[in-house]
Amino acid sequence: MGRKAGAVVTRLVLVLGDQLSRDVAALRRADKARDTIVMAEVAEETEYVRHHPKKIALIFAAMRKFAMQLEADGWTVAYSRLDDPDNAGSIVGEILRRADETGASEALATEPGEWRLIDKLKYAPIKTHLYPDDRFIASHAEFEDWAAGRKALRMEFFYREMRRKTGLLMNGDQPEGDKWNYDHDNRKPAEKDLFAEGPLAFEPDEVTKEVLDLVEARFGKNFGDLRPFTFATTRDEALQALGHFIRHSLPRFGDYQDAMLAGDAFLYHAVLSPYINIGLLGPLEVCQAAADAFAKGDVPINAAEGFIRQIIGWREYMRGIYFLQGPDYTRLNTLKHDRSLPAFYWGEKTQMACVADAVAQTRSNAYAHHIQRLMVTGNFALLAGIDPHQVHEWYLEVYADAFEWVEAPNVIGMSQFADGGIIASKPYVSSGAYINRMSDYCKGCHYTVSRKTGEGACPFNLLYWHFLDRHRDRFSGNARMGNMYRTWDRMDPDHRETVLVDAQAFLDRLDAGETV
Ligand code: FAD
Ligand code: DLZ
Ligand code: SF4
């Protein structure tokens, strides 16, 4: 690549694999006539954890097609493929290589979604202007202002601010239907004959097929099935996926948001997080589509509100917490859990039908829905006292939508309570009864969900009480957990002793690597 004609020296404009939006901050500041866009598939980004092959394929295919569109629009793009022999192997290395080629002495970049990469760019040996990533509804400063001086950072209050700011589902100052939150209506358990359309699936084109071959050769041994690969990889396709969701699944999204069915990986969930997170869709346009469907009378309020809350509420709030807490957040371990992640998280056999199903779907699809992540794999890890950093790395690896700014607060905070309650006011733990109520897993399980002790007792039942008992000092004073401790304390002391002995025996078998 040569220096561009004319006296003005080119600048480099970095676009990362999760910044594939035409209006991303650095691109908005770029000059077509003068600048060179840098996009790079690099070893460092593919290896900081062993990502699911589908996740790498999604990102590479979407990056290649985004670069082609930019070129078609007249931009100069320096695109590095992973197998380019001159590939420097890291984002900063690639910027420096392109600087050498073009004579550029500065780079523009949009703030990455991970402290690791922010630091690398900040300290890169080339002048790099980092612009805030304003594809979000709340800026860092707005979140900091909201958080300042509050004793507890509860999502619900932040969410109301975001409703006011966006005007979504608002009548003037008042929430649509005079209620901010319809979660109470969104707890219907799964019914066997539920029919859900599922997400739109896309046939790989030639570009995607080439990426799949590369990913198979380089990352075929990572956990996860690469094929069939059906993700959308362009904005046009992602918009089709959005339209399909609004039409077919959103109407029942609210009702069955917490339901789980063996063999139905998606139910009425959107499966849009991979597209929103890499920039193919904007969070506001997705919410606006849901609000429009409500306005037209196509979807009920509990569906539209529930869906919009996940995005302008939870998603924004998680990002706010990640950036507020700083780079050490992923190392928090308030409960001092230190057990190794069991091999069944990597697909080894387990007799727990719920865990086996969630892991199998994760392996096939690089996807599991929220309740599987929170109340099956997350719940088990928390009850069993698994090291939260290992849990964090697992989630970062196995899901196509996993980027640290959103994954870490969900795992370290919401799921593992490793942040001591910054995000969750109490730990998300449950016995087998909750899983049984919300799913059809227990019927097909080796364990018996109604059994509290002894042969065949559901491990979630044993570990639930073991967890509460071993963390009594921390949680017994928590107003939201008083009932649980009162129930435990009312049990016959011999029964309590048996529960704890059986739970410990289960943990010992887990530690010994036995199939549990
Ligand atoms: P739907 O259930 O259809 O929800 C709609 C949208 O709301 C999602 O696309 C997503 O953009 C947003 N959303 C919903 N819940 C959350 C949430 N808690 N945090 C942020 N956004 C949310 N989400 C990620 O995007 N990346 C992750 O790495 C991730 N890791 C998680 C780990 C754990 C332990 C838990 C409990 C949750 C995690 N989530 C993560 C949140 C949530 O599970 C996913 O966003 C959701 O399952 C994505 O699937 P969907 O598009 O079908 O979502
Ligand atoms: C996740 C990922 C992967 C697997 N590969 C690349 C890549 O080769 N090039 C790139 O620009 N981005 C990649 N990404 C996304 C980055 O890891 C992501 O931008 C940071 O984690 C910040 O969110
Ligand atoms: Fe899971 Fe227990 Fe039900 Fe088995 S019985 S599926 S382990 S909750």
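Whatever order the structure lists them in is the order used to number ligands and atoms, beginning at 1.
Each of the following atoms of ligand 3 lies closer than 4.0 Å to a heavy atom of C445: 4 (Fe), 5 (S), 6 (S), 7 (S). Proximity to I59 (heavy-atom distance under 4.0 Å) selects the following atoms of ligand 2: 1 (C), 2 (C). For ligand 2, the atoms closer than 4.0 angstrom to any heavy atom of E41 are 8 (O). Under a 4.0 Å criterion applied to the non-hydrogen atoms of Y48, ligand 2 contributes the atoms 1 (C), 17 (O), 21 (O). With ligand atoms numbered from 1 in the order given, ligand 3 contributes 5 (S) to contacts under 4.0 Å with heavy atoms of V449. Residue H51 has at least one heavy-atom neighbour below 4.0 Å for each of these atoms of ligand 2: 1 (C), 4 (C).
For atom 12 (N) of ligand 2, the closest non-hydrogen atom on the protein side is G17 N, 3.3 Å. Nearest protein heavy-atom contact of atom 8 (C) of ligand 1 is S273 CB, 4.1 Å. Looking only at protein heavy atoms, the nearest one to atom 3 (O) of ligand 1 is A270 N, 2.7 Å. Residue, atom and distance of the protein heavy atom nearest to atom 18 (N) of ligand 1 are N410 OD1, 2.9 Å. Annotation: atom 22 (C) of ligand 1 to nearest protein heavy atom, Q310 O, 3.6 Å. In terms of protein heavy atoms, atom 3 (Fe) of ligand 3 is closest to C442 SG, 2.3 Å. With hydrogens left out, the protein atom closest to atom 2 (Fe) of ligand 3 is C458 SG, 2.3 Å, a heavy atom. Atom 1 (Fe) of ligand 3 has C354 SG, 2.4 Å as its closest protein atom, hydrogens excluded (heavy atom only). For atom 16 (C) of ligand 2, the closest heavy atom belonging to the protein is E45 OE1, 3.3 Å.
Inspection of the T515 and K349 side chains reveals no N or O donor paired with an N or O acceptor under 3.5 Å. S80 and R98 form a side-chain donor-acceptor contact under 3.5 Å, judged by distance and modelled atom types alone. A side-chain donor-acceptor contact under 3.5 Å links Y441 and D357. Using modelled atom types and a 3.5 Å distance limit, the side chains of Y79 and E41 yield a donor-acceptor pair. Counting only N and O atoms by type, the side chains of Y399 and T362 include a donor and acceptor under 3.5 Å apart. E156 and N181 share a donor-acceptor pair across their side chains, judged by distance under 3.5 Å alone. If you check the side chains of K120 and S90, you find no donor sitting under 3.5 Å from an acceptor. A donor-acceptor contact closer than 3.5 angstrom is absent between the side chains of N410 and Y395. Checked by atom type, the side-chain pair H140/E111 shows a donor-acceptor distance below 3.5 Å. There is no side-chain donor-acceptor pair under 3.5 Å between Y447 and R451. Defined by atom type and a distance below 3.5 Å, a donor-acceptor pair is present between the side-chain atoms of H392 and E407.
Under the 6.0 Å distance and 45° angle rule, R50 does not count as a cation-pi partner of F219. For the pair R319 and F143, the cation-pi test (distance below 6.0 Å, angle within 45°) is failed. A cation-pi contact links R373 to Y367, judged by a cut-off of 6.0 Å to the six-membered ring centre and 45° from its axis.
Every heavy atom of W405 sits 4.0 Å or more from the atoms of ligand 2. Under a 4.0 Å heavy-atom criterion, L14 is not in contact with ligand 2.
Among I276, V271, N379, V398, the residue whose heavy atom lies closest to atom 50 (P) of ligand 1 is V271. When P112, A40, S80, G113 are checked for heavy-atom proximity to atom 7 (C) of ligand 2, A40 turns out nearest. Comparing H370, Q257, E404 against atom 47 (O) of ligand 1, the shortest heavy-atom distance belongs to H370. Compare V15, D18, V406 by their heavy atoms: the one nearest to atom 18 (C) of ligand 2 is in D18. Evaluated by nearest non-hydrogen atom to atom 11 (O) of ligand 1, the leading choice among R373, H369, R315, R309 is R315.
Ligand 1 has a nitrogen or oxygen under 3.5 angstrom from a nitrogen or oxygen of L272. The distance criterion of under 3.5 Å between nitrogen or oxygen atoms is met by Y367 with respect to ligand 1.
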